[in-house]
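Chain naming here is simple, since letters A, B, ... match the order of the sequence lines and numbering starts at 1 in each.
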There are 2 protein chains.
Amino acid sequence: MPKMNNKNKIFIDKLRSSGLRPTNQRVEISKFLFNRKKTFHFTVEELKNSMNLKRPKKISTATFYNTVHALKSAGHLKEFSLENNTSCYDTNITSHHHFFDNGRVIDIKSDKITFQKLPEAPKGKKIKNVEVVIRLENNN
Amino acid sequence: MPKMNNKNKIFIDKLRSSGLRPTNQRVEISKFLFNRKKTFHFTVEELKNSMNLKRPKKISTATFYNTVHALKSAGHLKEFSLENNTSCYDTNITSHHHFFDNGRVIDIKSDKITFQKLPEAPKGKKIKNVEVVIRLENNN
DNA sequence: TAACTACTTTATAATTATTCTAAAGTATGT
DNA sequence: ACATACTTTAGAATAATTATAAAGTAGTTA
């Protein structure tokens, strides 16, 4: 096998810390997801389509699902449900909130929403996180 | 057909206002959902199972889906997505929020959460609603 | 480096939630 | 009661996701 060059170290590290061996397919997925200036949202289907579009040799659906799940479990991706019951993933793992605008998802920076009052967790439980969704509609 | 007695009027009205004729199946679903002291959460699958369990003549899956959808579109039910990408419905249609605790959903009264700061809607848009999910985990 | 073993990839089948279809049944206006 | 448009139903179809198992590959060991 070809020796991995150093410029991929960061993407390989994300895989390793997710318990995944850095295979070619996984490294390409990791690079596609994290080698960018801006974070973004995607469904597995969208990821698969955009990555496979230009590839002569397609990466299989199962590999996309496996890799995305492992990255998510390790905390490298955040998951949320869309209205149509599909999973959407976010490469922005910092605490933040969302606008939902007719199927379009827009990030809201964490500091744009603050609480005056929050309930206490039931006994024996503690709060893991708080997520706000602001649903939008067209003016008038 | 037997004349509907008055005690079902309220359940029939919910159907009528959802654009549905009050057939026997629909009236039974409407009663099952709304003829109770406390509101509750359910998935279509759960609703179907609990209603059909004791019935000699089962109501079909399609009827459950159709009826629940129409009730939801008319505003008699609220819908939200669970973590496992199934739709969950809430007979509590007042504005409120939720705890998510390992698949269990618990209502949070609206006045238990208040905001200090909320972002403005992007131009051309307005806020339809704001929903908060507080995810719980076990204490240590 | 060779060889081994456990982990991966892949195509395909299976599953789950949901929607569609079309034939037989029913509510409602007249 | 008649006609008609709306319903119900079983079963097929779809979509997203997960499982399977055979062939391939990474990492370890000798």
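Rounded to whole Å, the distance from NZ on A:Lys57 to C1' on D:dA23 is 12 Å. In this entry the distance linking CG of B:Asn49 with P of C:dT16 reads 13 Å, nearest Å. Spacing between atom CD of B:Glu83 and atom P of C:dA17 amounts to 16 Å, rounded to whole angstrom units. To the nearest angstrom, C1' of C:dT21 lies 12 Å from CG of B:Asn66. Across the protein-nucleic acid pair, A:Asn52 atom CG and C:dT9 atom C1' stand 13 Å apart, rounded to whole Å. To the nearest angstrom, C1' of C:dA17 lies 15 Å from CZ of B:Phe64. If you measure from atom CD of B:Glu45 to atom C1' of C:dT18, you get 10 Å, rounded to the nearest angstrom. Between A:Glu79 atom CD and D:dT17 atom C1' the separation is 11 Å, expressed in whole Å.
Heavy-atom distances to DNA chain D give each of B:Asn85 and B:Ile59 a nearest nucleotide, and the one nearer the 5′ end belongs to B:Ile59. Summary of the strand contacts: B:His69 and B:Arg21 both lie near DNA chain C, and taking for each the nucleotide with the nearest heavy atom, the more 5' one is attributed to B:His69.
The backbone N or O of A:Arg26 sits nowhere less than 3.5 Å from a side-chain atom of A:Thr67 that would complete a donor-acceptor pair. Not one N or O on the side chain of B:Ser95 forms a donor-acceptor pair closer than 3.5 Å with the backbone of B:Ser110.
At the heavy-atom level, A:Thr86 lies under 4.0 Å from the strands shown only through sugar-phosphate atoms. In this structure, B:Gln25 reaches the sugar-phosphate backbone alone: every heavy-atom distance under 4.0 Å involves primed, P, OP1 or OP2 atoms, never a base. Residue A:Ser87 is in sugar-phosphate contact alone, with no base atom involved, counting any heavy-atom pair closer than 4.0 Å across all strands shown.
Regarding contacts with the backbone of C:dT18, a side-chain N or O of B:Tyr65 is found under 4.0 angstrom from either OP1 or OP2.
Comparing atom distances between the A:Arg26 side chain and each of C:dT10, D:dT8, C:dT8 picks out C:dT8 as nearest. For B:Thr23, counting side-chain heavy atoms from C-beta on, the closest listed nucleotide (C:dT18, C:dA27, D:dG27) is C:dA27. When each of C:dT19, D:dT7, D:dT9 is scored by its nearest atom to the side-chain atoms of B:Leu20, the top-ranked nucleotide is D:dT7.
For the pair B:Glu131 and A:Arg135, the salt-bridge criterion is met [side-chain N within less than 4.0 Å of a carboxylate O].
Figure legend: cation-pi geometry between B:Arg36 and B:Phe40, with NZ or CZ positioned under 6.0 Å from the six-membered ring centre and within 45° of its axis. Cation-pi geometry between B:Lys72 and B:Tyr89 is not met: the NZ or CZ atom fails to fall both under 6.0 Å from the ring centre and inside 45° of the normal.
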